[in-house]
Amino acid sequence: MSGKNGAIKLVAGNSNPALAAAIGDYLKTPLTKAVVRRFADGEVFVEIQENVRGADCFVIQSTSAPANDHLMELLIIMDALRRSSARRITAVVPYFGYARQDRKPGPRTPISAKLVANLITHAGADRVMTLDLHAGQIQGFFDIPTDNLYASPVMVRDIKDKFDLANVMVVSPDVGGVVRARGLAKRINAPLAIIDKRRERAGESEVMNVIGEVSGHTCILVDDIVDSGGTLVNAADALLANGAKDVYAYITHGVLSGGAVARVSKSKLKELVITDSIQETDAVKAAPNIRVLPIAHLIGEAVARTAHEESVSSLFEDLPPKE
Ligand code: R5P
């Protein structure tokens, strides 16, 4: 495939080969031949095995666990492309790791999201494309164009297929996620509730105050990340204790570290729906109440529009079909 900036090359790191292959299928463009492996001591070795001179290159790599390895792969692949005279390099980072440290919550702490933005830029990225950034303002950490895509159109389509919207209430599991949850609630014309977590005194456990009348409703929790699963499972318990009929969750990035999959499986959550921004593990595949929504068509279409210098934002009014 060719765009306005030369032939398109899709280069994948090792974080999510399934998603990279699906994006390639959507674009009817095979992945560029490249070796991305380790030296015996663990250092990353990269060799691009096709000519990329003058090409519009898209490097597909989530900085998911192991985050440091995947980040280094992304940086080194871009360095290889830059030194091979690629015309333009877009870092396609469906899951942007290190995003949760985006400000200094206390003295002597880093702003890791800014450091990672600097690394990506210095390695040679001309543009960045990502999905549901933990905080939209991280785009401002880059001085290069940054497209933050939203999974919400894919989620809305699924929710409309699966639920009787008359009884649905969208819930933000914390105050920080209200804007995201409100956006989804608006798209399906559903009311919004908020969970306010408070620790009254140091050493006491958090109290979950549910703001909104959830009794009798099917509650859909909306968030960007499920990591340990603690936020999600506690929120589901609080909603059920307040009379919710049942609880589902739509969360973009299934980080699901440690015992998270087991925690979610054993919880009272009817279903957790995540996207494949992070490659699903065998545990996720086997979990009875976790389902994965594919997003390759969303990212693939955004890549195509970027390559043809077309609007990416209009994609969110006019989502292409999955296949
Ligand atoms: C926090 O601000 C995020 O939006 C998520 O709510 C959080 O990262 C989830 O983490 P965990 O699953 O470990 O509770």
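Just so you know, ligand 1 is whichever comes first in the structure, and atom 1 is the first atom listed for that ligand. As the structure is a prediction and not an experimental result, all values here were calculated from the model.
For Cys219 against Ala244, the heavy-atom pair with the smallest separation is SG-CB, 3.7 Å. Shortest non-hydrogen contact noted between Asp102 and Phe141 is O-CZ, 3.5 Å. Residues Pro110 and Gln101 share a closest heavy-atom pair of CG-NE2, 3.8 Å.
The distance from ligand 1 to the heavy atoms of Asp174 drops below 4.0 Å at these ligand atoms: 6 (O). Residue-ligand proximity, Asp224 to ligand 1, at heavy-atom distances under 4.0 Å covers atoms 3 (C), 4 (O). The contact set between ligand 1 and Val226, taken as ligand atoms under 4.0 Å from a residue heavy atom, comprises 12 (O).
Closest to atom 6 (O) of ligand 1 by heavy atom, among Thr231, Val233, Asp132, Asp223, is Asp223.
What sits closest to atom 8 (O) of ligand 1 on the protein, heavy atoms only, is Arg100 NH1, 3.4 Å. Nearest protein heavy-atom neighbour of atom 2 (O) of ligand 1: His134 CE1, 3.2 Å. Distance from atom 7 (C) of ligand 1 to its nearest protein heavy atom, with residue and atom name: Ile225 O, 3.9 Å.
The shell of residues lying under 4.0 angstrom from ligand 1, judged by heavy atoms, excludes Gly177.
Within the 4.5 Å cutoff, no side-chain heavy atoms of Val171 are placed close to those of Ile194. Side-chain atoms of Ile274 and Val226, non-hydrogen and from C-beta on, do get closer than 4.5 Å to each other.
Any N or O atom pair closer than 3.5 Å counts here, and Leu232 shares no such pair with ligand 1.
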